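Report on one structure; see the data block that follows.
Each chain gets a letter, A, B and so on, in the order the sequences are listed, and its residues count up from 1. No experiment lies behind these values; they were computed from the predicted model shown.
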Number of protein chains: 2
Amino acid sequence: MARQRSTIRDVARRAGVSVTTVSHTFSGNGVVNPATQARVRAAASELGYHPDVVASGLRKSRLGVIGLVLRPAVGERPQDLSDVDYFPRFAGAAALTSLEHGYALMLVADPTVSGAPVTAYACDGIVVTDPVADDVLVARLRSSHTPYTLVGADVNDPDDPHVIDIATPAITDRVLDHLTDAGATRLALVNGVDPIEWNAATEQRYRERMREAGREEIVLYAPETEGRAAGVRAADELLALPQRPDGVYCLTSEHARGLVEGLVARGVRVPDDIRVVCGSDADSLRTATPSISSVDLQPEALGRQAAAAVLRQLEPDLDLRVPEPDHGRIILRESTAPASREDRPRQD
Amino acid sequence: MARQRSTIRDVARRAGVSVTTVSHTFSGNGVVNPATQARVRAAASELGYHPDVVASGLRKSRLGVIGLVLRPAVGERPQDLSDVDYFPRFAGAAALTSLEHGYALMLVADPTVSGAPVTAYACDGIVVTDPVADDVLVARLRSSHTPYTLVGADVNDPDDPHVIDIATPAITDRVLDHLTDAGATRLALVNGVDPIEWNAATEQRYRERMREAGREEIVLYAPETEGRAAGVRAADELLALPQRPDGVYCLTSEHARGLVEGLVARGVRVPDDIRVVCGSDADSLRTATPSISSVDLQPEALGRQAAAAVLRQLEPDLDLRVPEPDHGRIILRESTAPASREDRPRQD
DNA sequence: CTGAAAGCGCTTACAG
DNA sequence: CTGAAAGCGCTTACAG
């Protein structure tokens, strides 16, 4: 901000007091005679003065800002983030909770990416979504004693207490049950490759379930960075299997779109031949043909939980109540519903 | 952030140079012998040093942060903001555009609200969505020469060049045409009361259109702060009119929900007796019974536009390309569609 | 109750 | 190419 603003010294001069008195008047620290306070406030408002949070932040080591870092490596390729889906909702909800309690929320670049601005380290506390295995950023936050909260655990450090539970096993159960209810008997998993809890814990639970049921474990991998094309490839791989699955749980929305696109292009009927559920809802799933059932990850509830968890560390006395997510709520669309139904909202 | 971090002085000491040299090494200002630079960088990485953006921001009057202020008066009652709709998508998209160009995006409280933290004034530039009439904040931003961009104009200052066009008249035309296409012949408007372009310009265009067509102008008002209850009241008012309208354009989503709820509770069939379009899409409209048609305001495109507009002022050389919104795209749902269709996604 | 002074970590003329 | 020093706007012991 243009700093031709007046400073605490201008106010002091105008009110005929010291800067200490001005500082005390606005901060509420120290004791200032009410009459003096009135003079100070009058001078301040004549000058249009307001305290500089940067200067005060430098002095107090407290900026009034919670940082939100999107991993993995979003700083490097933010364009990969889908605009309309998980992240904006998460961030917006976290911001609201922060603002309600006097903090700003800052969306910052991943500071471990070289060349990225290190704005993250200016924050009073940090939310990381989602941490990767052996996360360098988390290690730094810990060693610098920065309050932090992780959304989903570091898979190699499952006992970190500063984690918002994303309930991956429970979600996996609900999805597999849903596929089974929709008539699938042979279930495959299309997983991402980022080393995050979501991917790892989903696969683990999927394998457990298949083992318990005495079914074959069919897991394919698609890199998150390759988007829809990797989903199309997964479709080919599935169709090349000696025994085709008739139900697929595909975690990432772009993969799911490519997958369904690929299946349909090869003459497979969705859902009649193969049922598909995507692990993360997105607008593009709603408007796909056929539309694709998905898990509502409830980014709003998670965003509020995450902000609240950091705020509790910053201000232990705060009375923070935020909604609990209903983990694994499934949004039913054509890809797991009888084909006769019309589910997609039509567009103008 | 906990500031037991090492400082530029520690690095200087360890590398056996002055702080000037360390500063120059990291900032790229001045000229530093490559061998010296190497020593400095080695010392820095041994100490885990990284520059403090707050200190540097204080010194340079540049923090690398774009602020986003939500008006009217969201700081006072952030809980009124609907979580899942316009704002998070707008903010998320603006953040991505900012991060892509080295800036953080900070969601800040309205600094004109007394008692609110004035973090906004720490930002290098500000996005305001949406400005109110004679906006005090805008006046301050202007007088302090802070780069800013408004999403929608201040209705009393339509010629401000720093405005992202939200195309309210064009949107209004599309909605009224849509209602007419759906069979409505007598159109009413349920407007909010906040003094923002969206409300004012919609009403103005609606009245023009009714006048041109020789139709009665039927405008009801519902306060944004009163949410769904105000929508229910609007339903009663509409039904009490000597001649009922058969098409309603209701701007705010909570009002639209209350309106439809009220109409249905009183035995009115929607859309058969009265067609309803909401001016701002929201998740709650999709899941309402009947589901409610709405305008997709394209918050992602607007968010990117707004961030880009501020970035262009901050860094004139940046090559910024962001998508243009398709203003007034209508999402067709049951409230303006033949009742026989099934449009709502079913839930698990 | 009020004020003089040091210092938060950095940047930037300026002198060498 | 390198360094000593002033200062960004504030806060906070400390003395009076």
Side-chain angles (χ1 to χ4, degrees), chain A residues 1-41 43-44 47-65 117-119 121-124 144, chain B residues 1-41 43-44 47-65 117-119 121-124 144:
Chain A
M1 183 127 184
R3 298 204 187 282
Q4 40 256 55
R5 306 184 341 215
S6 46
T7 75
I8 201 172
R9 300 188 49 153
D10 302 321
V11 177
R13 201 157 22 223
R14 182 161 193 129
V17 299
S18 73
V19 297
T20 306
T21 302
V22 178
S23 176
H24 283 166
T25 300
F26 285 106
S27 69
N29 300 335
V31 193
V32 183
N33 184 312
T36 316
Q37 279 208 32
R39 277 215 324 286
V40 169
R41 291 189 189 283
L47 294 170
Y49 168 81
H50 46 82
D52 181 324
V53 294
V54 178
S56 141
L58 173 60
R59 199 48 246 240
K60 296 196 297 186
S61 297
R62 184 207 170 274
L63 206 49
V65 173
V118 291
T119 321
Y121 295 119
C123 301
D124 303 320
S144 67
Chain B
M1 182 128 185
R3 297 202 187 285
Q4 39 256 55
R5 305 184 340 215
S6 48
T7 76
I8 200 172
R9 300 188 50 154
D10 302 321
V11 177
R13 202 156 20 223
R14 182 163 192 127
V17 299
S18 74
V19 296
T20 307
T21 301
V22 178
S23 176
H24 284 166
T25 299
F26 284 108
S27 69
N29 300 335
V31 193
V32 182
N33 185 312
T36 315
Q37 279 207 33
R39 276 216 325 284
V40 170
R41 290 190 190 284
L47 293 170
Y49 168 82
H50 46 80
D52 182 324
V53 294
V54 178
S56 142
L58 173 60
R59 198 50 245 239
K60 295 196 297 186
S61 297
R62 185 207 168 276
L63 206 50
V65 173
V118 291
T119 322
Y121 295 118
C123 301
D124 303 319
S144 67

Checklist entry - Which comes earlier along DNA chain D counting from the 5' end, the contact point of S18(B) or that of A55(A), where each point is its nearest nucleotide? => result S18(B)
Item to check | Residue L58(A), side-chain atoms from C-beta onward, closest of dG9(C), dG7(C), dG3(C) | outcome: dG9(C)
Checklist entry - Quick one: OG1 on T25(A) to CD1 on I8(A), what's the gap to the nearest 0.5 Å? => result 8.5 Å
Checklist entry - What stems, by residue range, does DNA chain D take part in, given at least 3 consecutive Watson-Crick or G-U pairs under 3.5 Å? => result C:1-3 with D:14-16, C:5-12 with D:5-12, C:14-16 with D:1-3
Next on the checklist: Quick one, V22(A) with V17(A), criterion side-chain contact (heavy atoms from CB on, under 4.5 Å). Give me CA distance, side-chain angles, the key distance, then yes/no.
Outcome noted: CA-CA 7 Å; V22(A) 178; V17(A) 299; 3.8 Å; yes
Item to check | Spacing of R5(A) atom CZ relative to dC8(D) atom P, expressed in whole Å | outcome: 14 Å
Next on the checklist: Quick check for you: to the nearest 0.5 Å, what is the distance between L63(B) atom CG and T119(A) atom OG1?
Outcome noted: 7.0 Å
Next on the checklist: Give the residues of residues 22-38 of chain A touching DNA chain C, defined as any heavy atom closer than 4.0 Å, sorted by residue number.
Outcome noted: V31(A), V32(A), N33(A), T36(A)
Next on the checklist: When you measure from the side-chain N and O atoms of Y121(A) to the phosphate of dG9(C), is any distance below 4.0 Å, counting only OP1 and OP2?
Outcome noted: no
Item to check | Plane angle bin for F26(A) and Y49(A) - parallel if under 30°, tilted between 30 and 60°, otherwise perpendicular | outcome: tilted
Next on the checklist: Is T20(A) close enough to dT2(C) that one of its side-chain N or O atoms is under 4.0 Å from OP1 or OP2 there?
Outcome noted: no
Checklist entry - When rounded to the nearest 0.5 angstrom, what is the spacing between OG in S27(B) and NZ in K60(B)? => result 7.5 Å
Checklist entry - Is there a donor and acceptor pair closer than 3.5 Å between the side chain of R9(B) and the base of dG9(C)? => result no
Next on the checklist: Over all strands shown, is S56(A) touching base, sugar-phosphate only, or nothing at heavy-atom distances under 4.0 angstrom?
Outcome noted: sugar-phosphate
Item to check | CG on N29(B) to OG1 on T20(B), rounded to 0.5 Å | outcome: 11.5 Å
Next on the checklist: By nearest heavy atom, map R59(B) and V19(A) onto DNA chain C; which one lands nearer the 5' end?
Outcome noted: V19(A)
Checklist entry - Got a sec, which residues hit salt bridge (Lys or Arg N to Asp or Glu O under 4.0 Å) with R13(B), two or more places apart in sequence or on another chain? => result D10(B)
Checklist entry - Rounded to the nearest 0.5 Å, how far does CZ of R39(A) lie from CG of N33(A)? => result 8.5 Å
